[in-house]
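Chain naming here is simple, since letters A, B, ... match the order of the sequence lines and numbering starts at 1 in each.
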Number of protein chains: 2
Amino acid sequence: MDCQRRFVLGWLCMNRKRLSDQALELIAARFRVLGEPMRLRLLIALEDGERNVTQLVDATQATQANVSRHLQTLTEAGILGRRKEGLNVFYYISDPSIFELCEGVCGSLQKRFGDQARAFGLRA
Amino acid sequence: MDCQRRFVLGWLCMNRKRLSDQALELIAARFRVLGEPMRLRLLIALEDGERNVTQLVDATQATQANVSRHLQTLTEAGILGRRKEGLNVFYYISDPSIFELCEGVCGSLQKRFGDQARAFGLRA
DNA sequence: TCCATATATGAGTGTATACTCATATAACAG
DNA sequence: CTGTTATATGAGTATACACTCATATATGGA
């Protein structure tokens with residue numbers, strides 16, 4: 001645990017500054033991918049199994065063009081996988097660790113906005 | 001663990017759509033805060049203890065104005081705390097769970113870019 | 001081949017925000 | 001009070017990117 005921590009920070013804080021910049025940009029980019037509600041919505045819609053684009057359009061109430069773009073972003077980030085089947089393209093979670101990140105963020109937010117969080121309908 | 005998962009997703013996927021949108025936006029906003037290399041750099045600089053703005057400017061090689069802005073962003077997000085001492089303002093990590101998120105992302109990236117990551121100088 | 005359906009993408013627009021410069025505020029020293 | 005240092009912030013610019021509309025591509029059916 002702490003070993004892992006040390007490892008990661010070693011990666012981030014290397015002496016060679018140029019490379020460290022690249023690593024930081026990679027990490028930041030990953031966070032940015034998760035920084036859009038639409039994309040979170042898509043991830044949630046995909047959590048219990050693959051869906052095709054049409055199903056995701058229905059689930060998210062967004063335009064097909066927009067959904068396709070976000071799916072592309074998530075796929076390029078390595079978070080989703082793609083599978084063609086006839087006319088349909090099915091997307092699926094290829095990096096489930098994403099959900100642990102969401103949980104981490106939710107935990108922080110709940111700690112921070114305890115009361116508001118509960119007001120959000122947190123029970124059940 | 002799985003209980004926690006269920007809990008969080010329950011929060012995200014409530015029936016009342018309006019509120020769920022707010023929750024998603026909150027979560028996405030948190031990810032966006034972490035989606036800037038400069039801010040990650042500041043977090044790393046603060047990991048082993050509080051620092052004042054001048055120290056952070058030195059550590060990050062950025063302008064003082066820019067550092068102050070990012071510190072404000074991080075503070076408003078509840079990630080940093082502030083402490084004034086004479087002319088100096090010291091910032092400190094107030095939500096250490098942030099680092100677990102970074103570790104999670106690093107883990108994903110290492111899995112994805114295994115070889116490149118190693119080329120980054122990952123060892124030791 | 002021709003048409004219908006599912007998905008992707010080019011082009012344009014609007015918005016958010018990172019950055020900089022200059023200046024404002026705040027606190028201390030003399 | 002005056003000047004000096006540390007930090008914050010208003011204003012302006014540039015860039016990234018989310019979104020939409022229209023259209024392209026791809027696959028299957030008649």
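Residues A/R30 and A/A77 come closest through the heavy atom pair NH1-O, 2.8 Å.
The side chain of B/H70 lies closest to C/dA18 when the candidates are D/dT27, C/dA18, C/dA8. Among the nucleotides D/dT7, D/dT27, D/dT9, the one closest to the side chain of A/L87 is D/dT27. Of all nucleotides listed (C/dA8, D/dT27, D/dC19), D/dC19 comes nearest to the side chain of A/M38. When the nucleotides C/dA27, D/dC19, D/dT9 are ranked by their closest atom to the side chain of A/N66, D/dC19 comes out on top. Among D/dT27, C/dA18, C/dA22, the nucleotide with an atom closest to any side-chain atom of A/K84 is D/dT27.
Nucleotide C/dA26 holds its C1' atom 13 Å from the CD atom of B/Q64, rounded to whole Å. One atom, CG of A/L34, and another, P of D/dC17, lie 14 Å apart when rounded to the nearest Å. As a whole-Å value, the separation of B/R83 CZ from D/dT7 P is 12 Å. Whole-Å rounding puts the B/L74 CG to D/dA8 C1' distance at 15 Å. Distance, B/R82 CZ to D/dT7 P: 10 Å, rounded to whole Å. If you measure from atom CG of B/L71 to atom P of D/dT7, you get 10 Å, rounded to the nearest angstrom. Between the CZ atom of B/R32 and the P atom of D/dC17 there is a distance of 13 Å, rounded to whole Å. To the nearest angstrom, P of C/dA18 lies 12 Å from CG of B/L40.
Each of A/A62 and A/E85 was assigned the nucleotide of DNA chain D with the nearest heavy atom; the assignment lying further toward the 5' end belongs to A/A62.
Distances shorter than 4.0 Å separate none of the side-chain N or O atoms of B/S68 from OP1 or OP2 on D/dT7. Look at A/R69 and you won't find any side-chain N or O under 4.0 angstrom from OP1 or OP2 of C/dG10. One finds a side-chain N or O of B/Q72 lying less than 4.0 angstrom from the OP1 or OP2 phosphate oxygen of D/dT9. Between B/T54 and D/dA6 there is no side-chain N or O to OP1 or OP2 distance below 4.0 Å. Considering only side-chain N and O atoms, A/N88 lies nowhere under 4.0 angstrom from the phosphate OP1 or OP2 of D/dT27. At D/dA6, none of the side-chain N or O atoms of B/Y91 fall inside 4.0 Å of OP1 or OP2 (strictly under the cut-off).
Comment: B/D58 does not engage B/R51 in a salt bridge, judged by the lack of any side-chain N to carboxylate O separation of less than 4.0 angstrom.
No contact: B/F90 has no heavy atom under 4.0 Å from any strand.
Remark: of the listed residues B/I93, B/L80, B/L43, B/L40, B/L43 is the sole one forming a side-chain contact (heavy atoms from CB on, under 4.5 Å) with B/I98.
In terms of modelled atom types and a separation under 3.5 Å, the side chain of B/T75 and the main chain of B/R82 share no donor-acceptor contact. In terms of modelled atom types and a separation under 3.5 Å, the side chain of B/R32 and the main chain of A/G35 share a donor-acceptor contact.
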Inset, instruction - Take A/K111 and B/D95, measure what salt bridge (charged side-chain N to carboxylate O under 4.0 Å, His left out) needs, and give me the verdict at the end. - result: CA-CA 10 Å; A/K111 223 170 275 172; B/D95 180 358; 5.9 Å; no
